[in-house]
Amino acid sequence: MRAINNKGLAMSLFGALSLMSVASCSDSNDTAEVTIPDTEYDGTYVGRATGNFLAEEWYPGGLLGTTDNVSAGCYEDETPAVTQMGLTEAFNLGETFFERNFNTNTPPFNGLGPAAVRKSCLDCHPGYGHGKRVDKYTASWGNGYLLVVYHPVDGANSNDGPYASEVTGMPQTIATSPFLPPIDESQIELDWKNVTAMESGLPMKFPDGESFSLIYPELNIPLSAFNTDPVPQNLAFRLESTIGIMGTGLLDAIPDDSIKEQYRREAAMGASLNPSMWDKDADDWAATAMYTANGVNRIKKFTYALTRGSLQDGAGANAIWNITNVSRSDRPYLYTTEAWAKKMSQTPEVIEAIKANPSSPYYADGTDEGIAEAVRGLLSPTTNQFDNPWHNFTPEMSDNSFYSFMVWHRGLAIPRARNLNDTIVQRGKEVFNQIGCASCHRPKWQTTTDDFWEPEIIRSRNLKLPRYANQTIYPYTDMVQHRLFMINDIHGSWCRTTPLWGRGLSMINTGAEDRLHDCRARNEIEAIMWHAYSKQSEAYFSAEKFYYLPKSDRDAVVKFLRSI
């Protein structure tokens, strides 16, 4: 459960919030002006302007979104907005759905399977942070990887190509009895390779003699691992790690119009932009940039691939359904494929196990043929709606449970910044900006009204979610996709700029500090130098400038990154 270390520190922040007008506790979007708290911790005046940092930069999530806790467990803290809006009980309940293992028959955590990616969300987000790098793929705690199985185009090792339809988009490697998983994870081959030379030609040693190393994953899944009919052919594989989920509700509060202006600004500067997101000729969104939920259009801004436009219908809202395969009223179906359903209906050991259990929902008339028909009918994604003749059950996750989960997800705080009064950190910020890192890792955004999208489950019941109106936040991302042209790069080639806030606390929260989309970078230096692996990288010139910095400035940049 949530750590309570330094909870008392958060009271100074909440005390400042209590000075707001009463209207800020209501559904109003108006927020009264609040003085930044000026509190002393161990000789450091948090909330006071210092060097090249503004007072507000101590609170990267604004006063409504920042926790003063910077110790182990701080990624799990609720925002002051949660407390202020009286949502603590719902937040705590929602947290249990993130942390607990789902199973087949014990409410309210029932519904796992029949095939799943993980048993719990916490497995993929250890300590609520970025997934850990692993040497062997198993669907267990700490492995934040999602498999990417696709048909490569433009060459066998191409990063691009459509997902294999025989398995789900987030491929599943576990299944409930008596079924076999769509992919047998015991056959997954994961190997970490050493880079012997940078494609850009930069030596793997800084001019002052300090060296660095780079590694990357090679993933292979033999066809024998696929329990599907047909077995997919012509495949390529990638790994994508989960990212830290703290502060995600604040990113949802960034208005679409502000993101549009960011795209327009980068286009005017000649930046390469994903044409599926931005139409340079029209100087406007591409037709495929919108994500539509219940008739409401939002700009895609979540996931590496920018597939979702709202936290309430994407990211965790989607994952709590398809990672565990737990159904709910707005997702009244299973996350499966026709190829897996067909294979399970043809697998003798599956049929025999069901035949020995007359209470099984797949038993039908008890004959091989009847059981096979029931298995295929119940598992098929084209027939498993709740109103079809095969189904006589209700959604496994209640609307109230999902609502609490959304309060929790939107209510996760970002830890306050540290050491901003340190002259080395101040120098790091200066260099970070000078070499151009802030062009993509944009420091500052305004949330304005936080006009968020609500699913029908929440809107129809007039329920509240944490709101972050008129906050100045410092996530250090432009919310735009770029390409780094790394070896065995991310599927789709384009990757949204990952927020940097709070990452310096990864080790004490998760036990690891692996970075980039597949955890190939084991520290900040490696992450930066991957940006310079290829001269095609859209961050090459900034990373090249970092390469030629004196060691004192490189160290200053790293200390800055660990402080924000």
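It should be emphasised that the depicted structure is a prediction, and the values quoted were computed from it without experimental measurement.
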Would you call the rings of W285 and W278 parallel, tilted or perpendicular, where under 30° means parallel and over 60° means perpendicular?
perpendicular

Please determine which of T448, T79, D252, T449 meets the side chain to side chain donor-acceptor pair (under 3.5 Å) test together with Y468.
T79

Quick one: does N419's side chain have a donor or acceptor within less than 3.5 Å of a partner on D422's backbone?
no

Keeping the roles fixed (side chain from T292, backbone from G295), state whether a donor-acceptor pair exists under 3.5 Å.
no

Side chain to side chain, T288 and M277, heavy atoms closer than 4.5 Å:
no

Without swapping roles, check the side chain of Q426 against the backbone of L420 for a donor-acceptor pair under 3.5 Å.
yes

F206 meets the ring-ring contact (aromatic ring centres under 6.0 Å, His included) criterion, sequence neighbours left out, with F212, Y547

Among pairs that include at least one residue of residues 285-294, which meet salt bridge (charged side-chain N to carboxylate O under 4.0 Å, His left out), considering only residues two or more places apart or in two chains?
none

Main-chain N/O of D281 paired with D279 side-chain donor or acceptor, under 3.5 Å:
yes

Applying side chain to side chain contact (heavy atoms under 4.5 Å, CB included) to D518 and R238, what does each step give before you reach the verdict?
CA-CA 8 Å; D518 56 9; R238 292 289 187 268; over 6 Å; no

Run the side-chain contact (heavy atoms from CB on, under 4.5 Å) test against C519 and tell me which residues pass, sequence neighbours left out.
H130, R133, Y145, S241, D514

In terms of heavy-atom contacts, Y548 and P207 come closest through CD2-CG, 3.7 Å

Side-chain (S211) to main-chain (K205) donor-acceptor, under 3.5 angstrom
no

Correct closest heavy-atom pair for M246 and I414 would be CG-CD1, 3.5 Å

Residue pair D450 / Q471, side-chain donor-acceptor N/O under 3.5 Å
no

Roughly how far, to the nearest 0.5 Å, is the CG atom of L465 from the NE2 atom of H409?
11.5 Å

Taking atom CD1 of I457 and atom OG of S460, what is their separation to the nearest 0.5 Å?
8.0 Å

What I'd like to find out is whether the side chain of E199 reaches to under 4.5 Å of the side chain of Q536, using heavy atoms alone.
yes

Would W453 and L311 count as a side chain to side chain contact (heavy atoms under 4.5 Å, CB included) if you check the C-alpha gap in whole Å, the side-chain angles of each, and the deciding distance to 0.1 Å?
CA-CA 8 Å; W453 178 86; L311 188 65; over 6 Å; no

Closest non-hydrogen atoms of D313 and R331, given as atom of the first, atom of the second and distance, are OD1-NH2, 3.4 Å

Salt bridge (charged side-chain N to carboxylate O under 4.0 Å, His left out) contacts in which one or both residues fall within residues 259-271, not counting sequence neighbours:
K260-D284, E261-R264, R264-D283

Within the side chain of H482, is there an N or O that forms a donor-acceptor pair under 3.5 Å with the backbone of C495?
no

For W321, enumerate each residue passing the ring-ring contact (aromatic ring centres under 6.0 Å, His included) test, keeping only those at least two apart in sequence or located in another chain.
Y333, Y335

Has the side chain of T67 got a donor or acceptor atom that lies under 3.5 Å from a matching backbone atom of A413?
no

Taking atom types as modelled and ignoring hydrogens, do the side chains of Y75 and T510 form a donor-acceptor contact shorter than 3.5 angstrom?
no

Run the ring-centre check on H491 versus Y304 and record whether the distance is less than 6.0 Å.
no

Starting at CG of D478, measure out to NE2 of H441 and round the result to the nearest 0.5 Å.
8.0 Å

Donor-acceptor contact below 3.5 Å, side chain N297 vs main chain M290
no

Residues in side-chain contact (heavy atoms from CB on, under 4.5 Å) contact with D489, at least two apart in sequence or another chain
N159, M486, H517

Scan for salt bridge (charged side-chain N to carboxylate O under 4.0 Å, His left out) pairs involving residues 527-539, sequence neighbours excluded, and state none if there are none.
R483-E538

Inter-residue atom distance R515.CZ - L561.CG, 0.5 Å rounding
6.5 Å

Measuring only between side-chain heavy atoms, which start at C-beta, is T303 closer than 4.5 Å to R496?
no

Who are the ring-ring contact (aromatic ring centres under 6.0 Å, His included) partners of F98, not counting sequence neighbours?
Y128, W408

Determine the minimum heavy-atom distance between K464 and Y403, stating which atoms define it.
O-OH, 2.6 Å

Counterpart residues, side-chain contact (heavy atoms from CB on, under 4.5 Å), relative to P152 (two or more places apart):
Y150, S158, N234, A236

Closest heavy-atom pair and its distance - L516, H531:
CD2-CE1, 4.1 Å

Please examine the side chains of L549 and V431, heavy atoms only from C-beta on, and report whether any two atoms are closer than 4.5 Å.
yes

For T477, is there any backbone N or O sitting under 3.5 Å from a side-chain donor or acceptor partner on W445?
yes

Specify the closest pair of heavy atoms between F402 and P455, including all atoms of both residues, with the distance to one decimal.
CE2-CG, 4.2 Å

Can you find a side-chain donor-acceptor pair between N274 and S276 that sits under 3.5 Å?
yes

Does the pair I320 and C121 meet the rule for a side chain to side chain contact (heavy atoms under 4.5 Å, CB included), with working shown?
CA-CA 7 Å; I320 195 66; C121 304; 3.6 Å; yes

Just to verify, what does F541 make a ring-ring contact (aromatic ring centres under 6.0 Å, His included) with, not counting sequence neighbours?
none

Partners meeting salt bridge (Lys or Arg N to Asp or Glu O under 4.0 Å) with E210 (sequence neighbours left out)
K551, R554

Quick one, R118 and N143 - any side-chain contact, counting heavy atoms below 4.5 Å?
yes

Which is it for L412 and I245 under the side chain to side chain contact (heavy atoms under 4.5 Å, CB included) test, yes or no, and what are the steps along the way?
CA-CA 8 Å; L412 285 170; I245 53 176; 3.9 Å; yes

Exercise: do E56 and Y474 side chains pair donor with acceptor under 3.5 Å:
yes

The reported gap from OG1 in T472 to CG in L63 (rounded to nearest 0.5 angstrom) is 9.0 Å

Answer yes or no: is there a donor N or O on one side and an acceptor on the other, between the side chain of S542 and the main chain of A539, under 3.5 Å?
no

A side-chain contact here means heavy atoms from C-beta on lying under 4.5 Å apart; do M170 and I323 qualify?
yes

Just to verify, what does L235 make a side-chain contact (heavy atoms from CB on, under 4.5 Å) with, not counting sequence neighbours?
V149, H151, A164, L223, F226, P232, F237

Answer yes or no: is there a side-chain heavy-atom contact under 4.5 Å between P499 and L251?
yes

If you measure only the distance, is there a donor-acceptor pair under 3.5 Å linking the side chains of S213 and R522?
yes

Side chains of R308 and Y291 only: does a donor on one sit below 3.5 Å from an acceptor on the other?
yes

Would you indicate whether the side-chain heavy atoms of L219 and L147 approach each other to under 4.5 Å?
yes

